[in-house]
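Here the structure comes first, spelled out in structure tokens, and everything after it is commentary.
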2 protein chains.
Amino acid sequence: MPVTIRDVARASGVHISTVSRTFSAPHLVNPETRVRVLACAEDLGYRPNRAARALITGRTHNIGLIIADIANPFFPPLIKAAESQARHRDYHVFVADTNEDAAAEEELVHALAKQVDGVLLCSPRMSNSLIEQLSREVPLVVVNRQLAGLPCVLMDVGQGARSAIEHLVGLGHREIALLGGPRGSWTSRELRRAASAAARAAGADLTVLGPNPPTESGGLAQAEQVRRAGVTAVLAYNDLMAIGLLEGLDALGVRVPQEVSVVGVDDISLSRLTRPKLTTVATPTAAAGRTAVDMLLQQDTELPRTGRGSGAAVAVGVRRTTAQVMLQTELVIRDSTGPGPYAGRERPGATAAGPGPHRRADPGGPTVAAGDVVAS
Amino acid sequence: MPVTIRDVARASGVHISTVSRTFSAPHLVNPETRVRVLACAEDLGYRPNRAARALITGRTHNIGLIIADIANPFFPPLIKAAESQARHRDYHVFVADTNEDAAAEEELVHALAKQVDGVLLCSPRMSNSLIEQLSREVPLVVVNRQLAGLPCVLMDVGQGARSAIEHLVGLGHREIALLGGPRGSWTSRELRRAASAAARAAGADLTVLGPNPPTESGGLAQAEQVRRAGVTAVLAYNDLMAIGLLEGLDALGVRVPQEVSVVGVDDISLSRLTRPKLTTVATPTAAAGRTAVDMLLQQDTELPRTGRGSGAAVAVGVRRTTAQVMLQTELVIRDSTGPGPYAGRERPGATAAGPGPHRRADPGGPTVAAGDVVAS
DNA sequence: TACTTCACTGCAAAGGTTTGCACAAAGATC
DNA sequence: GATCTTTGTGCAAACCTTTGCAGTGAAGTA
């Protein structure tokens, strides 16, 4: 019943190899023959069997996309962009959800390895060493984690944290809390590092609360702690937690931004819809999805696979090109941040250390410039 | 480099067919041999090549999931549930996004057809006849659309609309607007049909506004119309539109629920986070994803495929089992609905037509009971 | 003892495609 | 007009696995 290359060959009176070439190497076949074959194929509704093709070429034209939690609104735009980009290049995308579980991640990489040309690992919870080990099994591109020797797509949350802290300090806040993210998250560590440094540089105190689950309830659960900590501003690991915190503070009768200012990270679409609208560090999630697919596919076309004539070639020139891309973030100021107790007064560090509220203290952040591609 | 069944055979001193059977028909191989083979396979890190397996068995152990818009928060829970359910049964899921475009849908079904054992079509925008035609190419399960002769997973939005209208009328509203969804949406038609009937039965007027894009901005854009229509309550096609409407009304200075009550459909997680919290008809999206996968896989195991010994068998007993499942919806009352102008007065239709506010008028709705599975 | 049954394993074909090589015919070069 | 390219096509092997059939012993039966 399913129409194969053989049916097309019979219908157009050529050998199957000619049909094959009509699709995979059109320049090798006579234009007249080509149109005839194409017409027959169209007629019969022929579609090449990708499994058979994969078997011999060693490329499946599939990629795997491993996500910590599809239901987390941070990811869908990334998934959407990655799928779209992949499809433009004639790749299909397996999407898999790990429920934030490192063991599930590992198992999924194994399960997918034979079936895809590469895997996008988004916000992994695994250890670095495990990721490196897995990368020997299947080409990997990591999103939201920096790993030497592996292609990574990063969002410059460090810069975002600095902007956020400076924004808050500029508004007159000196006692700031950071709501940490989940254990094992590179983003969370990076955020903490940059926020601490920025707070120190600006003469503010930073209290770290966490780790927390990166969810609304994770933020809600910390509302009481936030109030008790006596801070006047909070930077949350992500918007979901920030929104949960908004809920929690509301329930406690704490007004935002009059009593406490709140800043999120991600700029999920939801953050425009809360009351007050959330001030947040926008991360370019769709761009990250696109970029990650591009990097994976570029790597894929460079490396030869199991095809017939391989063998020695792999051992010789394998030197992988491991680019790392850092995407820019941007502070989006909305209504959840307002003046703090020191509003209008001179900032403690400002006169001594820099040119004013928009000074960019950069105490040892990532050296990769925003938007740059650096091969290593 | 990649380890094949042959490597395992060599290592364990048996023929490759024995290795194959160790995995696909363990009861046919001597327990001692089996453990030896398994040990070798484990050692070498062997994973069967699914492309090769697909080639001969005719089943890929993949399914396709075609979604109108991944970024629409209605879908991620469905995707997540479907993926999880599929994985439990050793299937992987291709996710593809159509951007609400019917042509893209068709193309995707074609593209995926050869590569999957079946496709889940979620909230399709295609015509019924096209869907039926495509279903001859690859097994299909349709979500959110009723099609005779095809397995469908439906949410009882009709019941939901009735509950919503009755809730509003019970609160004293008589002039109600329905914000329609996108053209081609079965859910939108169904909603409209049931809401009209329910409004008529309860003696209220229903104004239909639309069709609209099923997004926040789609709802926002209708705020002005809603005010001009002079209604005191609105039922929106989905939560996203309802939330957009909330925004729009707020911008116009119309207070919710004091001046206008708003009801959404879906109960996306976001609807708990707006101010006021949204009253909505909860649809069981995760259950729909699970159910759809189950139905597809059940159908899949029933129908034989291209395998060696097929042939006549297909022609004989092909009679597809096309179950249709209707999942129950539930009205969740939150803060966006409040008393209307007729609050406290006697309802016009109530005394004449039924037993009171929770009467269930059912003027020609679907005959399939909620939660029932009906083979046709 | 001779025969059947049974459990296990090996053999080889098949599935749809790609691709290196060989070959033929036509055109180019001298 | 003989040789060399070029262009287009066919041939057949290879990719990795599954599976019907046949074969081998050993155990059970008469």
Side-chain angles (χ1 to χ4, degrees), chain A residues 1-37 41 44-61 90 113-115 117 304-311 313, chain B residues 1-10 12-37 40-41 44-61 90 113-115 117 304-311 313:
Chain A
M1 195 63 183
V3 35
T4 77
I5 203 174
R6 230 168 295 268
D7 301 316
V8 180
R10 203 175 309 122
S12 48
V14 297
H15 194 262
I16 57 162
S17 55
T18 303
V19 178
S20 172
R21 276 187 277 258
T22 302
F23 289 97
S24 50
H27 60 281
L28 288 181
V29 31
N30 186 319
E32 289 177 33
T33 321
R34 198 195 305 157
V35 298
R36 187 154 39 94
V37 170
L44 298 171
Y46 169 72
R47 304 254 166 179
N49 181 325
R50 297 172 76 126
R53 178 181 285 180
L55 198 53
I56 189 160
T57 62
R59 348 205 74 130
T60 60
H61 266 239
D90 195 28
K114 275 277 179 45
Q115 213 177 173
D117 296 339
R305 275 282 273 251
T306 56
R308 290 240 272 166
S310 56
Chain B
M1 196 62 184
V3 33
T4 79
I5 203 175
R6 227 170 297 271
D7 301 318
V8 180
R10 202 175 311 122
S12 47
V14 297
H15 193 261
I16 57 164
S17 54
T18 303
V19 178
S20 172
R21 276 188 276 259
T22 303
F23 290 97
S24 49
H27 59 280
L28 288 182
V29 31
N30 187 319
E32 289 177 32
T33 322
R34 197 194 308 157
V35 299
R36 188 154 37 93
V37 170
C40 288
L44 298 170
Y46 169 72
R47 304 254 166 176
N49 181 326
R50 297 172 77 127
R53 177 181 287 179
L55 198 53
I56 189 161
T57 61
R59 345 205 75 129
T60 60
H61 265 239
D90 195 26
K114 275 276 181 45
Q115 214 178 171
D117 297 339
R305 277 277 278 243
T306 57
R308 289 240 273 171
S310 55

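Every chain is numbered from 1 and lettered A, B, ... according to where its sequence line falls, protein lines coming before strand lines. Just so we're clear, the structure is a prediction, and the values are computed from it rather than from any experiment. Every heavy atom of this structure was used, including side-chain atoms; hydrogens, water molecules and symmetry mates were not.
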- Between B:Leu44 (CG) and D:dC16 (C1'), how many Å, whole number? 16 Å
- Query: Can you find a pair of side-chain heavy atoms, one from A:Leu55 and one from B:Asn49, that are under 4.5 Å apart?
  - Reply: yes
- Task: Whole angstrom is fine here: how far is it from CD1 in B:Ile56 over to C1' in D:dC15?
- Result: 13 Å
Show the atom names and distances, to 0.1 Å, of all donor-acceptor pairs under 3.5 Å that link a side chain in residues 27-35 of chain B to residues at least two apart or in another chain.
{"unit_1": "B:Asn30", "atom_1": "OD1", "unit_2": "B:Glu32", "atom_2": "N", "d": "2.9"}
{"unit_1": "B:Arg34", "atom_1": "NE", "unit_2": "B:Pro26", "atom_2": "O", "d": "3.4"}
{"unit_1": "B:Arg34", "atom_1": "NH2", "unit_2": "B:Pro26", "atom_2": "O", "d": "3.4"}
{"unit_1": "B:Arg34", "atom_1": "NH2", "unit_2": "B:Val29", "atom_2": "O", "d": "3.4"}

- Given atom CZ of B:Arg36 and atom C1' of C:dT9, what is their separation to the nearest angstrom? 11 Å
- Message: List the residues meeting side chain to side chain contact (heavy atoms under 4.5 Å, CB included) with B:Ser17, not counting sequence neighbours, and say none if there are none.
- Response: B:His15, B:Arg21
- Mind checking B:Tyr46 for me? I need base, sugar-phosphate or nothing, with any heavy atom below 4.0 Å counting as a touch. sugar-phosphate
- Query: Roughly, in whole Å, what's the span from NE2 in A:His15 to C1' in D:dA13?
  - Reply: 12 Å
- Message: On DNA chain C, does the nearest nucleotide to A:Ala51 precede the nearest nucleotide to A:Arg21 from the 5' side, or the other way round? Give the residue.
- Response: A:Ala51
- Query: Quick one: is C:dA12 close enough that its OP1 or OP2 comes under 4.0 Å of any side-chain N or O from B:Ser17?
  - Reply: no
- Message: Quick check: on DNA chain C, is the nucleotide nearest B:Ala52 upstream (toward 5') of the one nearest B:Arg34, or the reverse? Name the residue that is more 5'.
- Response: B:Arg34
- Task: Determine the contact category for B:Ser20: base if any of its heavy atoms lies under 4.0 Å from a base atom, sugar-phosphate if only primed atoms, P, OP1 or OP2 are that close, otherwise nothing.
- Result: base
- B:Leu28 CG to C:dT9 P: how many Å, rounded? 10 Å
- Side chain of A:Thr18 - closest among C:dG10, D:dT17, D:dG10: D:dG10
- Message: Base, sugar-phosphate or nothing for B:Arg50? Non-hydrogen atoms, less than 4.0 Å.
- Response: nothing
- Task: Measure the shortest side-chain to side-chain distance between B:Arg50 and A:Thr60 over non-hydrogen atoms and say whether it is less than 4.5 angstrom.
- Result: no
- Message: Please report the distance, rounded to the nearest Å, between CG in A:Leu55 and C1' in D:dC15.
- Response: 4 Å
- Message: Using only atom types and a distance under 3.5 Å, with no angle test, would you say the side chain of B:Thr22 pairs donor to acceptor with the backbone of B:Thr18?
- Response: yes
- Query: Please give, in whole Å, the distance from D:dT18 C1' to B:Ile5 CD1?
  - Reply: 8 Å
- Rounded to the Å, how far apart are A:Phe23 CZ and C:dT19 C1'? 17 Å
- For the base of C:dG15, is there a side-chain donor-acceptor partner from A:Arg6 under 3.5 Å away? no
- Message: Tell me whether the side-chain N/O atoms of A:Thr57 come closer than 4.0 Å to OP1 or OP2 in C:dT18.
- Response: no
- Message: If you only use heavy atoms from C-beta on, which nucleotide in C:dT17, C:dC8, D:dT9 is closest to the side chain of B:Thr33?
- Response: C:dC8
- Query: Within the structure, does a side-chain N or O atom of B:Thr4 lie under 4.0 Å from either OP1 or OP2 of D:dC15?
  - Reply: no
